[in-house]
Structure formats: structure tokens, C-alpha cells
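Whatever order the structure lists them in is the order used to number ligands and atoms, beginning at 1. Bear in mind that the values here come from a model prediction, so they are computed numbers and not experimental data. Start at 1 with the first residue, then count along the sequence. Scope of the values below: all heavy atoms of this structure, side chains included, with no hydrogens, waters or symmetry mates.
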Amino acid sequence: MAKVPCPYCGRLVDRLVEGMCEDCYFERHPLVTLREARVLRCKYCGAVFLRGRWLRPGKGGEKELMAKVLAEKASLSGVVEDLAVREGDGGVELEVTVRGSPHPSIQPRVYTYKLKLELIYDLCISCREMLSRREVALLQIRAAPGELTDDMRKKILSIIEQELFKLKDKKIGFISNIKYIRTGLDIYTTSTNLARHLAYVIHRSFPSHVVETAKAVGVKDGRRIYHMTYLIRIATYKPGDAVKLRGRDMVVVDVDSKYVHLQNRETKEVERIPIEDIFTKEVVYLGHL
Ligand SMILES: [Zn+2]
Ligand SMILES: [Zn+2]
């Protein structure tokens with residue numbers, strides 16, 4: 001049989017398929033092509049949006065999920081024999097090995113293709129719901145009249161660490177952020193229960209007072225959502241501190257978990273002020289004697 005040259009590559013071949021050799025035909029008709037390279041992906045759980053719904057990675061992990069993406073987003077003439085997934089910058093590279101033929105008169109071959117998926121990050125429905133339902137509670141720790149010392153900060157953080165360890169098996173939420181500010185500490189938690197628990201444990205460890213405030217942040221399913229703030233004020237008074245109590249000159253003689261004991265500097269009479277009252281304007285700190 002007379003050989004014919006392929007008009008594309010010049011090779012002499014037995015026959016042409018649609019005006020070209022089989023090699024050129026394979027080259028111009030890849031066994032797999034992406035119809036759509038963009039994929040919506042949930043940045044929290046890794047689910048991908050396919051056929052109008054979010055698919056989470058299953059037991060087969062990323063490879064199984066990407067096989068589903070491929071089946072949905074690619075045109076395929078043959079069967080996928082192998083698939084490798086590589087995460088790159090801003091996307092995923094799929095290395096797909098396909099056995100197939102682009103034309104009925106051409107024998108199947110095996111080729112490996114590299115396809116690039118562009119990931120567009122979003123939030124899937126269940127993650128969106130989970131995040132919107134996530135409670136946010138704040139634990140504010142402040143000291144007065146002095147500042148929160150480094151030792152106090154250390155003690156507070158170690159109390160928190162111990163409590164989190166004790167609670168580790170109870171799904172009580174977690175600390176999402178700790179801000180070190182000049183006047184104290186701001187500790188954000190994902191649960192009101194955790195914030196309240198920590199507030200009272202810290203309260204028991206220092207002469208202090210807790211103030212709870214609820215701020216309505218929205219309505220969900222007909223009920224109001226509140227963000228709770230627990231303000232713990234730690235009294236840093238120590239014996240020898242001079243204060244003015246309702247106009248009288250007093251000196252601190254003792255501080256316990258509930259009271260600050262004050263002695264009148266003139267009459268020498270001692271009276272005790274509950275910790276929560278020490279922060280009112282009736283008590284003015286004058287300095288250490
Ligand atoms: Zn050719
Ligand atoms: Zn998700």
C-alpha cells in the first residue's frame with residue numbers, strides 16, 4: 001500500500017484520518033479536556049461545588065474528590081487509568097492518565113495529561129451555618145488601681161491552660177484569640193459556657209469582681225443571639241495603700257478574696273469594703289504609703 005505524507009508533520013503513513021496521521025490526530029484531539037477549569041471550594045472543609053451541591057472529601061480524600069470534579073468538568077474519550085493531584089499556588093494540578101481513542105477508526109492509546117484547576121474559595125452551606133451560629137464570648141481581665149503585672153498575666157494564663165486541659169474531652173468550645181493589651185487581657189472564646197467558666201475560675205483565684213454584659217448581635221431562627229462579655233476586675237490593693245473612702249482618709253490593712261480591710265487613719269477604726277464596691281467612685285486611690 002502506498003504511503004501518504006501527513007500534511008501536519010510530514011511523516012509517511014498508511015492512511016490519514018480526517019486529513020492527518022494518527023499521532024497528529026491524538027495531539028489535536030486530547031483524550032481529556034477541561035470544559036470548565038474553575039472550581040468553587042469551601043475554604044473551611046474543602047468541599048467542592050458540583051452539580052448544584054457541595055461535596056465534601058470522603059474516605060478517598062482529595063484524589064477521590066478530584067476524580068468527581070474531573071468526571072463533571074472534563075470531556076473524556078476513554079477511561080482514567082491513573083490520577084495524581086498536586087496542590088499548587090491558587091489551584092490544583094491534575095495528572096491524568098487516560099486510555100482511549102479520539103476516533104472510532106484509531107486504536108486506543110494511553111496518554112498522560114496535565115490539567116490545571118483554578119480554585120475559587122468560598123464557604124459551603126454547612127460551614128457558613130456553623131460559623132454564623134458560632135458564639136463569640138469575651139473575657140476581659142482588668143486590674144485596678146494598679147496594672148495587671150506580668151506575674152498576674154502568667155498566673156491567669158496558666159489557670160486557663162489547666163482549665164482547658166481539664167475540659168479537653170467536653171466539647172465546650174475553644175479560645176479563638178488572646179489580645180495582650182496594656183491594661184489587661186482580652187480573651188475571645190467560641191462559647192459562652194467556656195468564657196463564663198473561665199471567668200469564675202479566675203475570679204476565685206484573685207480578689208476580684210465579675211460583671212456580665214450581653215450584647216444582642218442578631219436574630220437567628222426567631223431567637224436573639226447574644227455575645228457575652230465577662231469583665232473581671234482584679235483589685236490590686238495591698239496593705240499600706242492610702243485611699244479616700246467617702247472623704248475619709250483610710251489605709252489598706254488587708255485584702256482577702258471578698259473584702260478590702262481599711263483602717264481610718266484618724267480614728268484607727270477598721271471597716272471592710274466588699275471587692276465589688278472598691279471599684280466605685282466612693283473609693284479613691286491615693287498611693288502607697
Ligand atoms: Zn502527522
Ligand atoms: Zn465547608
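Under the 3.5 Å distance criterion, the side-chain polar atoms of Arg196 are left unmatched by any main-chain donor or acceptor of Ser191. A donor-acceptor pair under 3.5 Å links the side-chain atoms of Tyr113 to the main chain of Leu31, judged by distance alone.
Take the Zn ion (ligand 1) and draw a sphere of radius 2.8 Å; the protein N/O/S atoms inside it number 4.
The pair Glu118-Lys73 fails the salt-bridge criterion, with no side-chain N (NZ, NE, NH1 or NH2) lying under 4.0 Å from an Asp/Glu carboxylate O.
Computed with the Zn ion (ligand 2) at the centre, the Cys45 SG to Cys42 SG angle is 110°, stated to 10 degrees.
The environment of CZ in Arg51 is sparse: at most 12 heavy-atom neighbours from other residues, nucleotides or ligands sit within 6.0 Å.
Hydrophobic cluster membership differs between Phe49 and Leu55, with clusters built from Ile, Leu, Val, Met, Phe, Trp and Tyr side chains linked at under 4.5 angstrom.
Partners of Phe26 by ring pair (Phe, Tyr, Trp, His ring centres under 6.0 Å), not counting sequence neighbours, listed by chain and number: Tyr111.
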